[in-house]
Structure formats: structure tokens, C-alpha cells
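Remarks on the structure that follows.
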Amino acid sequence: MNGGRAVIVTGSGGAIGTAICQRLVEDGFDVVGVDLHGAGAGSSERLVYVCGDVTDKVVRDRVFARATCHGDALVGLVNCAAVVRTSPP
């Protein structure tokens with residue numbers, strides 16, 4: 001993070017979330033990805049991951065703090081997180 005424009009991407013550990021994160025970095029954004037199952041591919045200076053559940057306030061606070069810790073302006077949120085049921089409730 002370098003004092004630029006930050007975007008948070010939930011569900012960043014899956015294929016679609018990872019692709020979104022990579023594209024945002026290519027477009028010049030600093031990105032914080034958050035996912036229950038950990039990091040997607042390709043952490044860098046402009047792309048960091050937080051492992052956690054976005055329904056947990058502590059995790060949300062950590063993600064927001066990470067996105068804004070170097071003066072970045074939070075300019076976007078991509079909600080790519082999903083719950084997939086493999087059997088009936």
C-alpha cells in the first residue's frame with residue numbers, strides 16, 4: 001500500500017476473486033483481499049490478503065485498517081464472497 005487508491009475484495013481466494021484482485025492491481029489500485037480459506041495467488045506490494053470471515057467485526061476492522069494504513073483512500077469494495085451449500089439445509 002502506497003498512499004494511492006485502495007479496493008477491498010471479499011471472496012478473494014477463489015478463481016474469480018483472484019482474477020478480480022489481479023486486474024485491479026494491473027489497473028493501478030492497492031488491493032486487500034479477504035477470504036475464509038486464505039490467500040489467492042500473487043501477493044505483492046500492492047496486493048495483500050487477510051484470512052478471515054467478513055461477517056466478523058474484528059476481521060472487517062483488520063481489513064479496513066490494512067487498506068487505509070498508509071494513507072490510501074478506500075475507493076471500492078467488491079463483494080465476491082459467497083456461501084455454497086452442497087446439501088439441503
Side-chain angles (χ1 to χ4, degrees):
M1 308 293 146
N2 61 11
R5 301 171 300 157
V7 177
I8 295 170
V9 179
T10 68
S12 60
I16 294 171
T18 297
I20 291 169
C21 288
Q22 291 171 345
R23 178 58 190 260
L24 286 167
V25 168
E26 290 171 9
D27 288 347
F29 293 93
D30 293 329
V31 180
V32 177
V34 58
D35 195 276
L36 273 175
H37 305 293
S43 289
S44 69
E45 181 180 317
R46 298 194 77 133
L47 173 58
V48 297
Y49 290 98
V50 174
C51 183
D53 184 345
V54 295
T55 66
D56 181 338
K57 183 182 180 336
V58 172
V59 172
R60 288 193 311 270
D61 290 347
R62 188 176 338 134
V63 169
F64 182 77
R66 185 66 192 230
T68 59
C69 68
H70 295 292
D72 282 8
L74 184 59
V75 297
L77 170 65
V78 178
N79 289 308
C80 191
V83 175
V84 177
R85 296 185 193 267
T86 57
S87 61

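Please read all numbers here as calculations on a predicted model, not as lab measurements.
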message: Keeping Ser12 on the side-chain end and Val34 on the backbone end, is there a donor-acceptor pair under 3.5 Å?
response: yes
- prompt: Do Asp30 side-chain atoms and Ala6 backbone N/O form a donor-acceptor pair below 3.5 Å?
  reply: no
message: Checking Val78 against Val7 for the side-chain contact (heavy atoms from CB on, under 4.5 Å) test, could you report, in this order, the C-alpha distance in whole Å, the side-chain angles of both residues, the deciding distance, and whether it holds?
response: CA-CA 7 Å; Val78 178; Val7 177; 4.1 Å; yes
- request: Indicate yes or no for a side-chain donor-acceptor contact from Arg46 to the backbone of Gly28 under 3.5 Å, with no hydrogens or angles considered.
  value: yes
statement: Only one of Leu74, Thr68, Val48 passes side chain to side chain contact (heavy atoms under 4.5 Å, CB included) with Val32, and that residue is Val48
- request: Using a 4.5 Å cut-off on heavy atoms from C-beta on, say whether the side chain of Arg60 contacts that of Asp56.
  value: no
- prompt: Do any N or O atoms from the side chain of Asp72 and from the backbone of Gly4 form a donor-acceptor pair under 3.5 angstrom?
  reply: yes
Sequence-distant partners of Arg62, salt bridge (Lys or Arg N to Asp or Glu O under 4.0 Å), two or more places apart: none
query: Val9 and Leu36: same hydrophobic cluster, using ILVMFWY side-chain contacts below 4.5 Å?
result: no
message: So if I apply the side chain to side chain contact (heavy atoms under 4.5 Å, CB included) rule between Cys21 and each of Val31, Asp35, Ile16, which one comes out positive?
response: Val31
- request: Find out whether Val75 and Phe29 are in side-chain contact, i.e. whether some heavy atom of one side chain is under 4.5 Å from a heavy atom of the other.
  value: yes
statement: Across all chains, not counting sequence neighbours, the side-chain contact (heavy atoms from CB on, under 4.5 Å) partners of Leu77 are Ile8, Thr10, Asn79
Those residues that, when tested against Asp61, pass side-chain contact (heavy atoms from CB on, under 4.5 Å) (two or more places apart): Lys57
